[in-house]
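Notes to accompany the following structure.
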Amino acid sequence: MKKTLSKKNLLVFLAPVMVVMLVFAALSVAIADDSQTYIGGWALNAVAAKGKEFPPGMFGMEASMTLDESGGGVMVTNGNAVAGTWEVCDGGIVTNFADKQVEYALKDGKLYMENDEMGLVFVRPMIKPPARTDVTLEDFEGAWIATFMKLLGMEATPAELDTEMKMIITGTQVKLISTSESQGELLEVYDGELDGYEYVFISESAGVQAENRLLILEDGTLALPNSAGMIWFETTK
């Protein structure tokens with residue numbers, strides 16, 4: 001005699017199966033959401049050693065990695081690109097480039113690779129809008145305070161570098177006020193002028209002169225490019 005499952009017994013049989021399916025679906029969504037945290041570009045921002053972080057440019061290092069949705073990626077080190085793979089792990093990711101597996105932990109939006117000797121810190125690279133080309137002298141005038149810096153490949157706030165920098169522009173005069181624990185407060189005064197859409201002034205340090213060209217960006221910030229990187233200012237008007 002052929003036995004058939006009653007509707008009641010069928011529900012009893014299917015209940016645990018449905019629970020497993022729901023848990024699996026939830027885990028799949030969680031993993032997908034986690035992967036979205038890492039997809040995109042990352043740039044080497046610091047080399048960590050003995051509890052301190054140093055700009056990668058001090059060691060002649062430059063690196064970036066791009067992680068795509070399929071689990072593939074590209075690591076570029078000092079101009080040399082290598083394809084590889086990556087996957088989400090507990091609290092971070094594991095990458096495999098050039099047959100070398102590396103674990104990164106995600107902390108405060110940064111990726112940390114650590115070992116006994118030194119570590120590497122990757123961040124999302126800052127993307128700033130282009131410079132305005134319709135500026136006048138009045139656009140540069142006023143008081144500005146440094147809010148972000150990129151020095152020798154390292155992006156940080158002035159507070160993270162234990163420094164403070166202000167700039168006051170009045171017509172053709174520029175006052176630079178910098179404060180640090182090692183040097184205290186320094187005041188420098190220079191002559192400046194508008195050159196096209198750039199405000200230009202010549203600074204001097206240790207007897208060496210350098211040309212500085214300030215730019216007003218489309219988001220209203222003031223940018224000061226230099227040989228070591230870039231400093232961004234916001235108005236305090």
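Computed over heavy atoms, backbone and side chain alike; hydrogens, waters and symmetry mates excluded.
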Are [Y] and [X] connected in a single hydrophobic cluster, I mean Ile/Leu/Val/Met/Phe/Trp/Tyr linked by side-chain heavy atoms less than 4.5 Å apart?
X    : Y    : answer
L152 : L120 : yes
V76  : M126 : no
V200 : F140 : no
V102 : F59  : yes
I169 : L217 : yes

Ion pair present between K107 and E114, side-chain N to carboxylate O less than 4.0 angstrom?
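Looking at E114 together with K107, the answer is yes, because their closest N to O distance falls below 4.0 Å.
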Mind running side chain to side chain contact (heavy atoms under 4.5 Å, CB included) on L67 and I93 for me, showing each step along the way?
CA-CA 11 Å; L67 310 176; I93 61 172; 3.7 Å; yes
Around [X], counting heavy atoms of other residues, nucleotides and ligands shown, do more than 12 lie under 6.0 Å from its [atom1]?
X    : atom1 : result
E62  : CD    : no
E181 : CD    : no
K166 : NZ    : no
D90  : CG    : no
D134 : CG    : yes

Minimum heavy-atom distance between [X] and [Y], given as atom pair plus value:
X    : Y    : result
L106 : W42  : CD1-CH2, 4.4 Å
P158 : A146 : CG-O, 3.4 Å
I231 : M149 : CG2-CG, 4.1 Å
I177 : L187 : CG1-CD1, 3.6 Å

Checking the side chain of [X] only, and the main-chain atoms of [Y] only, is there a donor and an acceptor separated by less than 3.5 Å?
X    : Y    : value
N45  : E155 : yes
N226 : A228 : yes
T163 : T179 : yes
W144 : W232 : no
E204 : Q209 : no

Contact check, side chains of [X] and [Y], non-hydrogen atoms, under 4.5 Å:
X    : Y    : value
R213 : P225 : no
F97  : T77  : no
K128 : M230 : no
V135 : Y199 : no
L215 : E198 : yes
F148 : T221 : no
V94  : C89  : yes
T95  : M75  : no

How far does [atom1] of [X] sit from [atom2] of [Y], to the nearest 0.5 angstrom?
X    : Y    : atom1 : atom2 : value
Q173 : E141 : CD    : CD    : 11.0 Å
E185 : S178 : CD    : OG    : 8.0 Å
L194 : L137 : CG    : CG    : 6.0 Å
M167 : T235 : CE    : OG1   : 12.0 Å
I39  : W86  : CD1   : CH2   : 5.0 Å
I216 : T133 : CD1   : OG1   : 12.5 Å

Ring pair (Phe, Tyr, Trp, His ring centres under 6.0 Å) pairs, two or more places apart, involving residues 174-197
Y190-F201
How far apart are the C-alpha atoms of F233 and M165, what are their side-chain angles, what is the distance that settles it, and do they pass the side chain to side chain contact (heavy atoms under 4.5 Å, CB included) test?
CA-CA 9 Å; F233 297 78; M165 182 177 292; 3.7 Å; yes
Could you walk me through whether M154 and E53 pass side chain to side chain contact (heavy atoms under 4.5 Å, CB included), step by step?
CA-CA 9 Å; M154 183 178 186; E53 294 185 1; 4.1 Å; yes
Check against side chain to side chain contact (heavy atoms under 4.5 Å, CB included), T172 and D191
CA-CA 6 Å; T172 57; D191 294 328; 5.6 Å; no
